[in-house]
2 protein chains.
Amino acid sequence: MKKLPEQEGGESANTNEGMRKGGMGRVKSIKSVLQDRIRGGIYEMGQRLPSERQLCLEFETSRVTLHEILIQLETEGLIYREERRGWFVSPTRFVYNPQSRGHFTLSATQQGRTPSTVVIDTRIVTAPPRVCALLDIPEGQQLACIRRVRSINGRAILYVEHYFSPDVFPGLFERDLSVSLTELYRDVYGFDYGRMTYQIIPTAVSGDIAGLLRVSSGSPALLVTRVNHARDESVRDCDLEYWRHDAVLIEVDVANSSPLPSDE
Amino acid sequence: MKKLPEQEGGESANTNEGMRKGGMGRVKSIKSVLQDRIRGGIYEMGQRLPSERQLCLEFETSRVTLHEILIQLETEGLIYREERRGWFVSPTRFVYNPQSRGHFTLSATQQGRTPSTVVIDTRIVTAPPRVCALLDIPEGQQLACIRRVRSINGRAILYVEHYFSPDVFPGLFERDLSVSLTELYRDVYGFDYGRMTYQIIPTAVSGDIAGLLRVSSGSPALLVTRVNHARDESVRDCDLEYWRHDAVLIEVDVANSSPLPSDE
DNA sequence: TGGACTTTCTGGACTAGTCCAGCGGCTTGA
DNA sequence: TCAAGCCGCTGGACTAGTCCAGAAAGTCCA
């Protein structure tokens with residue numbers, strides 16, 4: 001019923017009991033073969049995998065099972081999919097430091113990638129609950145919102161919503177917003193940052209965010225929220241960043257760690 | 001885009017066309033009903049959901065489809081499962097700051113939870129490739145390894161592997177290792193930390209790690225790696241922390257953000 | 001040449017089942 | 001009384017299909 005060319009172990013039964021009892025399970029066994037192929041370079045980076053139906057034939061399994069395997073590999077970050085186009089081997093992750101502001105373009109270039117940014121829209125909105133909680137403002141308040149999608153080598157990996165009070169940066173919406181907003185704030189409005197707080201939350205995306213990131217609804221993602229304060233400690237703005245879970249690696253360097261508490 | 005009350009109460013299509021053409025898709029529509037029930041408190045925190053088969057009957061769908069929905073809710077962090085016991089509404093996330101060392105127990109207590117730690121084993125191992133890369137040592141070197149599982153209110157949420165050079169902390173394995181290791185290092189060995197680097201990588205767990213965290217193989221997880229340096233910049237030890245993706249929220253406060261570069 | 005169709009191929013979204021392993025409550029018997 | 005064993009219920013892991021929507025490439029005609 002299955003039969004991978006040489007499959008670790010050798011035997012491997014022609015009905016599913018064989019494999020089940022064998023201790024490994026169909027999913028795990030096929031998965032490890034695919035893992036080896038990807039890591040071994042048989043499927044090259046950026047290349048499309050054989051179609052689901054083709055792989056079903058090769059491994060003699062059903063599409064549901066094979067789909068499950070591909071999703072697990074996607075969860076691991078080894079492969080990703082494009083709607084109705086196929087499954088592809090993931091490029092190496094983009095290294096991101098949430099503590100350094102406004103470095104997307106520079107950082108991507110330093111990593112040898114080609115970054116690009118698209119502004120989805122700019123508008124005045126009623127602050128969503130999550131943003132109210134972050135900024136510590138009452139519900140129902142009106143905020144300016146910039147929505148952008150940032151890509152690496154043509155692949156969308158980040159969707160950002162940027163919120164701030166509409167009167168803080170007058171005329172901002174008329175500018176070119178596909179560049180570093182932090183730079184604009186500093187150079188045009190003379191704004192300097194003080195303290196920042198960020199959160200990292202594993203979550204799932206759906207609806208338009210999923211569409212913009214070209215992932216299927218319900219896929220895992222990494223939500224990074226950042227709240228910026230001015231030098232006088234007042235809250236100035238915040239970001240909601242939805243990263244493709246397979247495309248990012250967060251890395252932070254802490255010069256001096258905080259002291260130990262005396263009790264624990 | 002929402003569907004909700006009248007959908008589920010009312011006719012909810014007894015064949016799939018009804019719902020498909022409706023524009024929402026069966027999965028999304030059922031999912032949003034369940035989301036509302038969880039957020040609305042109809043299913044209470046920590047409580048078990050009705051069984052998969054029962055929900056299939058209620059929503060007139062198949063188990064594969066319903067299972068897919070539950071997995072998406074799990075990915076969002078709303079629910080979690082226990083092997084062959086059922087699906088449960090997730091407690092609120094544990095807030096974790098990777099920059100503050102050795103605070104698990106204290107931090108959990110402050111958050112009103114009951115923490116516990118179990119030492120899986122202690123041994124001398126050949127450093128795995130990932131650890132070699134982190135510590136910047138050649139492959140094949142022997143390192144001391146402590147493996148622990150940490151729980152909140154009886155639910156395992158973190159699996160940690162701790163690596164260091166065997167000769168740095170003599171006699172450590174004979175001590176009680178279910179407490180803060182950082183404290184031990186400081187109080188017993190007079191060790192003080194300098195710089196630290198941490199990485200956060202969305203990944204998947206399988207095998208024994210999945211078993212110890214009581215999640216099914218292939219589930220998403222958050223891998224947090226931390227490399228500790230001594231005051232003289234030499235590398236001292238590192239952690240590989242595998243967090244249940246639905247149980248943790250990383251929060252960091254940065255007193256002074258790094259300066260902007262002049263070019264971007 | 002170039003736009004409009006058609007055909008083929010992809011994954012997406014389902015259904016309706018089967019068989020299995022482990023948890024837990026219930027029963028039964030020493 | 002209390003352990004042993006049974007059994008029903010849970011999710012886990014599959015199979016074998018159907019139908020649909022969108023991508024891509026080829027075809028054909030103005």
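Numbers restart at 1 for each chain; the letters A, B, ... are given by sequence-line order, proteins then strands.
- Atom CD1 in B:I69 sits about 17 Å away from atom P in C:dG12, given to the nearest Å.
- In this structure, B:R148 is not positioned above the aromatic face of B:F104 in the sense of NZ or CZ being under 6.0 Å from the six-membered ring centre and within 45° of the axis.
- When only modelled atom types and interatomic distance are considered, A:Q72 and A:E68 share a side-chain donor-acceptor pair under 3.5 Å.
- Here the nucleotide nearest the side chain of B:V64, chosen from C:dG17, C:dT10, D:dG17, is C:dG17.
- B:R81 contributes no side-chain N or O that forms a donor-acceptor pair with the base of D:dG12 under 3.5 Å.
- Rounded to whole Å, atom P of D:dA13 lies 15 Å from atom CG of A:L66.
- Residues A:R113 and A:T92 have side chains in contact (heavy-atom distance under 4.5 Å, counting atoms from C-beta outward).
- Computed from coordinates, the B:R214 CZ to D:dG12 C1' distance equals 17 Å when rounded to whole Å.
- Considering only side-chain atoms of B:R63, the nucleotide from D:dT18, D:dT10, D:dA13 that sits closest is D:dA13.
- Donor-acceptor pairing under 3.5 Å is lacking for the side chains of A:S151 and A:R214.
- Taking 4.0 angstrom as the limit, B:T61 places a side-chain polar atom (N or O) nearer than this to OP1 or OP2 of C:dT15.
- Distance A:E60 CD to D:dT15 P: 10 Å, rounded to the nearest Å.
- Distances shorter than 4.0 Å separate some side-chain N or O of B:H67 from OP1 or OP2 on D:dG12.
- Look at CZ on A:F59: it is 17 Å from C1' on D:dC14, rounded to the nearest Å.
- Donor-acceptor pairing under 3.5 Å, judged by distance alone, is present between the side chain of B:R53 and the base of D:dG11.
- Taking only side-chain atoms of A:R85, from C-beta outward, the nucleotide of D:dA24, C:dG12, D:dG11 with the closest atom is D:dA24.
- Contact annotation: A:S51 side-chain N/O to C:dT10 OP1/OP2 distance is under 4.0 Å.
- Judged by distance alone, with hydrogens and angles left aside, A:R84 brings a side-chain donor or acceptor within reach of the base of D:dA21, the pair sitting under 3.5 Å.
- Between B:E52 and A:S62, it is B:E52 whose nearest contact on DNA chain D lies nearer the 5' terminus.
- Aromatic ring pairs are classed by plane angle as parallel below 30°, tilted from 30° to 60° and perpendicular above 60°; the pair B:F94 and B:W243 is parallel.
- One atom, NZ of A:K28, and another, P of D:dA13, lie 7 Å apart when rounded to the nearest Å.
- Rounded to a whole Å, the CD atom of B:E68 is 15 Å from the P atom of D:dA13.
- Atom CG in A:L55 sits about 16 Å away from atom P in C:dC9, given to the nearest Å.
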